[in-house]
Amino acid sequence: MSASIMQSRRECYVCRMLYGVVTAQGLEEHHVLNGPLRPMAEQYGLKVWLCHRHHNELGYSAHFDHRLRLYLKKQAQQNFEAVYDHRQWMEIVGKNYLRYAQCSSDHGASCR
């Protein structure tokens with residue numbers, strides 16, 4: 001199991017990003033790339049810790065909110081390219097999430 005290249009501390013990525021709050025209880029590991037790319041996410045550490053609310057509940061969570069999913073994929077791509085490079089990202093993933101337009105969620109997280 002590879003360590004995350006997206007975060008160094010075990011806390012909810014979204015709670016920290018949105019509210020500046022450290023939520024360290026009841027965390028669940030979220031692979032930012034899923035489906036056939038899940039093994040790649042595991043291999044390269046493209047995963048974050050999320051509290052249950054931000055991981056898999058209705059509303060603003062990684063499994064139910066497209067804007068949050070896109071934000072996390074953009075963050076994953078930025079982190080991957082900082083360690084490896086864009087060419088390798090495109091060879092493995094085949095999609096450039098950084099080209100998507102900016103958006104804002106109802107909760108103020110920017111999809112950069």
Side-chain angles (χ1 to χ4, degrees):
M1 188 180 287
S2 181
S4 174
I5 66 169
M6 296 182 65
Q7 71 183 139
S8 58
R9 297 190 305 204
R10 191 173 168 144
E11 63 187 14
C12 178
Y13 191 85
V14 176
C15 285
R16 168 67 79 176
M17 172 186 67
L18 288 181
Y19 312 114
V21 172
V22 176
T23 303
Q25 298 292 322
L27 297 177
E28 301 168 0
E29 188 176 58
H30 175 69
H31 291 78
V32 176
L33 302 173
N34 49 25
L37 293 175
R38 184 185 170 110
M40 183 267 194
E42 181 65 39
Q43 178 181 351
Y44 290 99
L46 301 175
K47 51 193 178 179
V48 295
W49 290 104
L50 298 173
C51 65
H52 184 72
R53 177 176 176 240
H54 289 125
H55 184 222
N56 204 16
E57 285 190 15
L58 288 174
Y60 194 65
S61 70
H63 286 278
F64 289 96
D65 188 278
H66 171 73
R67 295 165 296 196
L68 178 56
R69 251 190 328 273
L70 179 58
Y71 175 81
L72 292 172
K73 287 177 181 180
K74 287 180 179 196
Q75 295 302 305
Q77 183 176 348
Q78 286 176 341
N79 283 273
F80 180 92
E81 291 181 3
V83 175
Y84 303 99
D85 62 25
H86 180 71
R87 179 191 56 74
Q88 191 171 359
W89 173 268
M90 292 305 291
E91 284 176 6
I92 296 169
V93 177
K95 191 170 190 176
N96 185 358
Y97 293 102
L98 300 177
R99 297 191 74 183
Y100 284 82
Q102 286 192 358
C103 64
S104 295
S105 75
D106 300 336
H107 300 285
S110 174
C111 299
R112 291 182 235 144

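Position 1 is the first residue of the sequence; numbering continues from there.
Two residues are said to be in side-chain contact when any heavy atoms from C-beta on lie closer than 4.5 Å; Glu29 and Trp49 meet this criterion. With a 4.5 Å cut-off on side-chain heavy atoms, Met17 and Tyr71 count as touching. Side chains of Cys12 and Leu27 form a contact here, defined as non-hydrogen atoms less than 4.5 Å apart. Within the 4.5 Å cutoff, the side chain of His63 has heavy atoms near those of the His55 side chain.
Atom-to-atom distance recorded for Ser4:OG and His31:NE2 is 10.0 Å, nearest 0.5 angstrom. One distance of note links CG of Asn79 with CH2 of Trp89; it measures 9.5 Å at 0.5 Å rounding. Note that the CG atom of Leu18 and the OH atom of Tyr13 stand 11.0 Å from one another [nearest 0.5 Å]. Remark: Phe80 CZ to Ile5 CD1 distance equals 7.0 Å, nearest 0.5 Å. A distance of 12.0 Å separates CG in Leu33 from OH in Tyr44, rounded to the nearest 0.5 Å. Separation of atoms CG (Asn96) and NE2 (His86) is listed at 4.5 Å; rounding is to 0.5 Å.
Listed for the Gln77 side chain is a donor-acceptor partner under 3.5 Å among the backbone atoms of Leu98.
Linking ILVMFWY side-chain heavy atoms closer than 4.5 Å, directly or via other members, places Tyr60 and Leu58 in two distinct hydrophobic clusters. Note on Leu50: it does not cluster hydrophobically with Phe64, by side-chain heavy-atom contacts below 4.5 Å among ILVMFWY residues. Transitive grouping of hydrophobic side chains (ILVMFWY, heavy atoms separated by less than 4.5 Å) keeps Val22 and Tyr19 in distinct clusters.
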Next on the checklist: Would Arg9 and Arg16 count as a side chain to side chain contact (heavy atoms under 4.5 Å, CB included) here? Give the steps.
Outcome noted: CA-CA 11 Å; Arg9 297 190 305 204; Arg16 168 67 79 176; 2.3 Å; yes
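Note: His30 and His54 fail the aromatic proximity criterion, with ring centroids not under 6.0 Å apart.
Residues Ile92 and Leu37 share a closest heavy-atom pair of O-CD2, 3.8 Å. The heavy-atom pair separating Ser61 from Asn56 by the smallest distance is CB-N, 3.9 Å.
Contact check on Arg87 versus Glu91 returns a salt bridge, with a Lys/Arg side-chain nitrogen under 4.0 Å from an Asp/Glu carboxylate oxygen.
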